[in-house]
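Note that this is a predicted model, so its numbers are computed, not measured.
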Amino acid sequence: MIRSALVRVFDRFRERFLLGMAREEHVKELYDRLYDQVASMMQIQSALSGGPVLKPLRHWALSPDAMAIILADLQERTRPHMVEFGGGQSTIVFASWVRRHGGRNTTFEHDAAYADAVRKQLDACELSQYVDLRVVPLVDYVSMDGLPASKSYALPSDFDGIDLALIDGPPYWAGEAGRYHPLRWATGRLNAGGAAYLDDAARAPEQRIVAALRGSMAGLDASELRAEKGLVRLTRQAIAA
C-alpha cells in the first residue's frame with residue numbers, strides 16, 4: 001500500500017515536470033506528500049520492531065535532517081548529558097537514545113499542557129525514566145548585546161556540565177531574542193568538547209542571535225550545517241590562562 005502510494009506521487013511529480021506545469025506550489029505539495037508517505041512507512045517499521053512511534057516532524061517540530069546531525073554527534077560521546085529547550089518529538093528521540101546508550105537528558109518546556117502531552121507519550125513508550133522534563137515559566141529579559149528585550153525561560157543558576165544542547169524554543173512570539181538567553185546559558189556551561197545546536201538558524205533573528213553571541217563570548221566557533229530550517233553548531237575553544 002505504501003509502495004503504491006509512493007509510486008503515484010513520483011508519477012505525478014514526473015508528469016508535472018514533463019508538461020511544464022510544476023509551479024512552486026505544486027512542487028511543495030508533492031514534496032510534502034512524498035515526505036508524509038516515507039515518514040509514515042518508517043513509523044510503521046519502528047512500531048513493528050517495538051520502537052517508539054513519533055508524531056509528525058518538520059514545520060514547528062525539529063526536522064529529521066537536523067535530528068540526524070545531532071544523533072551523529074551523540075554517537076561519538078560516552079554517556080553524555082544532553083539539555084534541550086523546547087520539548088517535543090526530539091524529547092522522545094533523546095530518551096530512546098539514553099535508554100539504549102546511557103547518559104541523561106534534561107528538557108525545559110514552558111507550556112504545561114504541551115509538557116503533559118509529551119509526558120503521556122513518554123509513558124506510552126516506557127521512556128519517562130530517561131528524561132528530566134521540567135516546566136519552567138517564560139520571564140522578561142531586558143535588551144542585551146544589541147538584541148531587543150524579549151521573554152525567555154527562567155534559567156537555573158545551579159546547573160553545569162553539558163555535553164550537548166539543543167535550543168528549539170521558546171516560540172518566536174516570545175520575542176526575536178528569546179532563544180539568545182538559553183543559547184548563551186547552555187554554551188557557557190559546555191564541557192570540553194561539548195556543542196550547542198540552534199534550530200531554525202536560517203531565520204534572520206537566529207542569525208542575529210548567533211552574531212551577538214559570537215561578539216560577546218570569547219573563543220566561540222559557529223558552524224552552519226545543512227538542514228531544512230537551518231542549524232548552527234556552537235563550540236568553545238580552550239582559552240589559554
Side-chain angles (χ1 to χ4, degrees), residues 32 35-36 39-40 42-44 46-47 51-67 70-71 81-99 103-142 148-159 162 164-186 189 196-201 203 205-206 209 227-231:
D32 287 343
Y35 169 83
D36 290 342
S40 298
M42 295 178 68
Q43 296 306 322
I44 292 170
S46 180
V53 177
L54 299 177
K55 296 178 181 179
L57 299 175
R58 302 175 67 233
H59 305 300
W60 290 110
L62 187 73
S63 59
D65 50 4
M67 190 76 255
I70 295 171
L71 288 174
H81 181 198
M82 298 170 281
V83 175
E84 65 171 338
F85 289 92
Q89 298 312 291
S90 56
T91 310
I92 309 301
V93 174
F94 285 151
S96 299
W97 197 95
V98 170
R99 177 169 63 181
R104 58 192 177 114
N105 179 42
T106 304
T107 297
F108 294 94
E109 171 59 45
H110 76 279
D111 188 322
Y114 186 66
D116 284 342
V118 174
R119 283 196 183 96
K120 289 179 181 178
Q121 191 176 3
L122 288 165
D123 289 343
C125 298
E126 299 182 345
L127 293 172
S128 296
Q129 69 191 81
Y130 302 103
V131 57
D132 178 9
L133 178 54
R134 305 185 185 183
V135 178
V136 297
L138 297 182
V139 297
D140 291 322
Y141 284 84
V142 299
S150 66
K151 289 183 176 295
S152 194
Y153 303 99
L155 300 167
S157 58
D158 57 339
F159 201 102
I162 299 171
L164 187 145
L166 169 62
I167 290 77
D168 194 19
Y172 187 65
W173 57 257
E176 67 173 66
R179 297 187 179 186
Y180 178 75
H181 305 284
L183 181 63
R184 182 183 180 89
W185 179 90
R189 288 167 170 76
Y197 290 87
L198 176 64
D199 190 32
D200 300 305
R203 300 189 304 200
E206 273 69 17
I209 285 171
E228 182 179 31
K229 297 182 291 183
L231 186 70

Open item on the list: Quick check: closest heavy atoms across R119 and L133, and the distance to 0.1 Å?
Closed with: NH2-O, 3.2 Å
TODO: Starting at OG1 of T107, measure out to CG of D132 and round the result to the nearest 0.5 Å.
DONE: 8.0 Å
- [ ] Work out which heavy atom in L138 is nearest to a heavy atom in Y153; give both atom names and the distance.
- [x] CD2-N, 3.7 Å
Task: P156 to R189 - nearest heavy-atom pair and separation - done: O-NH2, 4.0 Å
Open item on the list: Any heavy-atom pair between the side chains of L62 and L166 that's under 4.5 Å?
Closed with: yes
Open item on the list: Any non-hydrogen side-chain atom of Y172 less than 4.5 Å from a side-chain atom of D200?
Closed with: no
Task: Nearest-0.5 Å distance, CD of residue E206 to CG of residue L183 - done: 9.5 Å
Open item on the list: Before we go on, tell me: are the rings of H181 and F85 under 6.0 Å apart, centre to centre?
Closed with: no
TODO: Considering non-hydrogen atoms only, spot the tightest contact between A165 and A186 and give its length.
DONE: CB-CB, 3.7 Å
With a 3.5 Å cut-off and sequence neighbours excluded, list the donor-acceptor pairs that the side chains of residues 123-130 form with protein atoms.
residue : atom : partner : partner atom : Å
D123    : OD1  : S128    : OG           : 2.2
S128    : OG   : D123    : N            : 3.3

Open item on the list: I'd like to know whether I162 forms a side chain to side chain contact (heavy atoms under 4.5 Å, CB included) with W185, so could you lay out the CA-CA distance, the side-chain angles of the two residues, the decisive distance to 0.1 Å, and finally the verdict.
Closed with: CA-CA 10 Å; I162 299 171; W185 179 90; 3.9 Å; yes
Task: Set of salt bridge (Lys or Arg N to Asp or Glu O under 4.0 Å) partners for D65, sequence neighbours left out - done: none
- [ ] Give the minimum heavy-atom separation between P148 and A177, together with the two atoms involved.
- [x] O-CB, 3.5 Å
- [ ] Using modelled atom types only, decide if a donor and an acceptor are shared between the side chain of R134 and the backbone of E109 within a distance under 3.5 Å.
- [x] no
Open item on the list: Can you tell me how far apart CG (N105) and CH2 (W97) are? Round to the nearest 0.5 Å.
Closed with: 10.5 Å
Open item on the list: Let's go through E84 and D168 carefully: what are the C-alpha distance in whole Å and the side-chain angles of both, what is the deciding distance for side chain to side chain contact (heavy atoms under 4.5 Å, CB included) to 0.1 Å, and is it a yes or a no?
Closed with: CA-CA 7 Å; E84 65 171 338; D168 194 19; over 6 Å; no
Open item on the list: Can you confirm whether M82 sits close enough to V98 that some side-chain heavy atom of one is under 4.5 Å from a side-chain heavy atom of the other?
Closed with: yes
- [ ] May I ask you to test the P170-R179 pair for a side-chain heavy-atom distance under 4.5 Å?
- [x] yes
- [ ] Would you check if I70 and F94 make a side-chain contact, meaning some heavy-atom pair closer than 4.5 Å?
- [x] yes
- [ ] Verify side chain to side chain contact (heavy atoms under 4.5 Å, CB included) between Y197 and I167, making sure each step is shown before the conclusion.
- [x] CA-CA 6 Å; Y197 290 87; I167 290 77; over 6 Å; no
- [ ] Give the intermediate values and the outcome of side chain to side chain contact (heavy atoms under 4.5 Å, CB included) for residues Q121 and Q89.
- [x] CA-CA 9 Å; Q121 191 176 3; Q89 298 312 291; 3.0 Å; yes
Task: Heavy-atom closest pair, residues S152 and P182 - done: OG-CD, 3.2 Å
